Undergrad: 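Dumping the structure here so I can ask a few things about it.
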Amino acid sequence: MAEIRFGTDGWRAVIAEDYTFEHVRAVAQATAGWLRRTGQARSGVVVGHDTRFLSDAFANATAEVLAANGIAVALASRAAPTPALSHAVLDCGAAAGVVITASHNPARWNGFKIKQASGNSAPPEVTSEIEQALPAILEGGGAAGAADGDGATRIERFDPNPPYLAALREFVDLERIREAGLRVAVDSMYGAAGGLTAAAIGEGATTVHELHGEPNPAFPGMRAPEPIAPNLGALMRLLREGGHDAGLATDGDGDRFGLVDEQGRFLNQLQVFALLVRYLLEVRGERGAIVRSITTTRMVDLLGQRHDCPVFETPVGFKHLGPRMIEENAVTAGEESGGYAFRGHIPERDGVLSGLLLLDYMVRTGKPASQLLAELYAELGPHEYDRVDVTLREEERDAIAEQAATATPSEIAGLRVVSRDSLDGYRFTLEGGWWLLLRFSGTEPLLRIYAELPSEGQVRQAIAHGQALAGVTL
């Protein structure tokens, strides 16, 4: 049995190998213990799930364990996106939330995300406490069951989507979008956000055409439900055929976002975050701090400088971004994975809201996404980016990590290396503020190689240099 460890956002494992009912119940029991030790059990817990195989059954098992520990549970009656469940934690005044989801991972995986009372992902100190309790639970007979208490009477069913949609309507002027006459295509990637963008916009001059809106735990036709170009071929083809103004995509649990412009071109996650920051600062007129992960664009730093807004950097994961966002009362927080959060909503990623805000940007400026990106580059200069994922065998990891850790290149892609750090992985900062990062995924057996430089050619050179530094090949 593999050790149960929480990664970038939650515990994830392969279904029927390490992700079993026994282990899910044990994690639920450890979560109950944390709530009771910290005096939060009386406020109850929200439990929800995505559209993956057996996610509803794993959510039911989690609810039964929490209820058997004397904790009131609000259990989602349907699959719902993670941001809707994070919102429900706030809306219900609960102490915490549990979401059964593996987010963007391949279909064989499932996971267990924990949300705090503020709706954000549980930070490392919380998940470490839960991890430490697991060996004793598994060795001592497992989790409490419904027969140990009055569990069934303490579980109430609820639908998280209506209050979530109401929160979206309060945050963005959907009437303006509804009457704009846009033709929007949405790829929900067979996930938990299916139908929600159309439901939020409603009927009017703007129309929404949805792809892959029906739940399918196999996620056919894609490696994984992650809204990146390799998985969005159908959406990109649809936009290239003409007749649509924008293509929006959300991942398996609806907290990540991808954008395809009116010409069928995928805009990467760094471009999208820079556009969102520019929209918030220059169209909505918001001011305040901006929080970004180490892996996202330095265009955000330039926009912050222009508008006198400080920018704070964190390691990858909203378990880091969310608390810093709350601490700084930040306007927004974003990471390279396509997760963006916004002040006044929840301190957590929301793919559906991100798409609605991009539509509002287009409507209020009267410009398509391609023109907005061109204006961004005209203002800040071109910023090109790519990420390559290298699948690893477990026995390779230590040797690769050691090789990356000892690498000291003086030049990458024709630019001098000015500093090296290990905030999250191994980062090489180049003259001009450009960068290359080697980082192990916190949720999958992958080495991720990231680079942001002024040209596509230099990005390709940097990625190749990163592979050589780590001693890996695709």
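Remember, predicted model here, so these are calculated numbers, not experimental data.
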Undergrad: Would a 4.5 Å heavy-atom cut-off, applied to side chains only, mark P83 and I346 as touching?
TA: yes
Undergrad: With S121, which of H320, Q116, K115, R349 fulfils side-chain hydrogen bond (donor to acceptor under 3.5 Å, both in side chains)?
TA: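 The passing option is K115.
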Undergrad: Think R298 forms a cation-pi with W435, using NZ or CZ under 6.0 Å from the six-ring centre and within 45 degrees of its axis?
TA: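 That pair qualifies as a cation-pi contact.
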Undergrad: Consider only side-chain N and O atoms of R52 and N110, and report whether a donor and an acceptor are under 3.5 Å apart.
TA: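 There is no such pair between these side chains.
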Undergrad: Please assess T332 against F273 for the test side chain to side chain contact (heavy atoms under 4.5 Å, CB included), listing each intermediate value before the final yes or no.
TA: CA-CA 9 Å; T332 184; F273 188 42; 3.7 Å; yes
Undergrad: Answer yes or no: is there an ion pair linking K319 with D9, defined by an N-O contact shorter than 4.0 Å?
TA: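 No.
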Undergrad: Grab the two heavy atoms, one from L270 and one from M299, that are nearest each other, plus how far apart they are.
TA: O-CE, 4.1 Å
Undergrad: Check R78 against P160 and note the closest heavy-atom contact, atom names and distance.
TA: CG-CD, 4.3 Å
Undergrad: Between R324 and A333, is there a donor-acceptor pair closer than 3.5 Å when you use the side chain of the first and the backbone of the second?
TA: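 Looks like no, no N/O pair under 3.5 Å.
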Undergrad: Are the side chains of E384 and Y377 in touch, meaning some heavy atoms are under 4.5 Å apart?
TA: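 Contact flag for E384/Y377 side chains = yes.
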Undergrad: Partners of P323 by side-chain contact (heavy atoms from CB on, under 4.5 Å), sequence neighbours excluded?
TA: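 Per chain and number, P323 pairs via side-chain contact (heavy atoms from CB on, under 4.5 Å) with N120.
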Undergrad: Enumerate donor-acceptor pairs with a distance under 3.5 Å from any side-chain N or O in residues 185-201 to protein atoms, sequence neighbours excluded.
TA:
unit_1	atom_1	unit_2	atom_2	d
D187	OD1	M189	N	2.9
D187	OD1	H212	ND1	3.0
D187	OD2	H212	ND1	3.3
S188	OG	E210	OE2	2.4

Undergrad: Go through it in stages, so that I can follow the logic: the residues are E313 and R427, the test is salt bridge (Lys or Arg N to Asp or Glu O under 4.0 Å), and I'd like the CA-CA distance, side-chain angles, deciding distance and then a yes or no.
TA: CA-CA 13 Å; E313 181 180 74; R427 175 173 53 177; 2.7 Å; yes
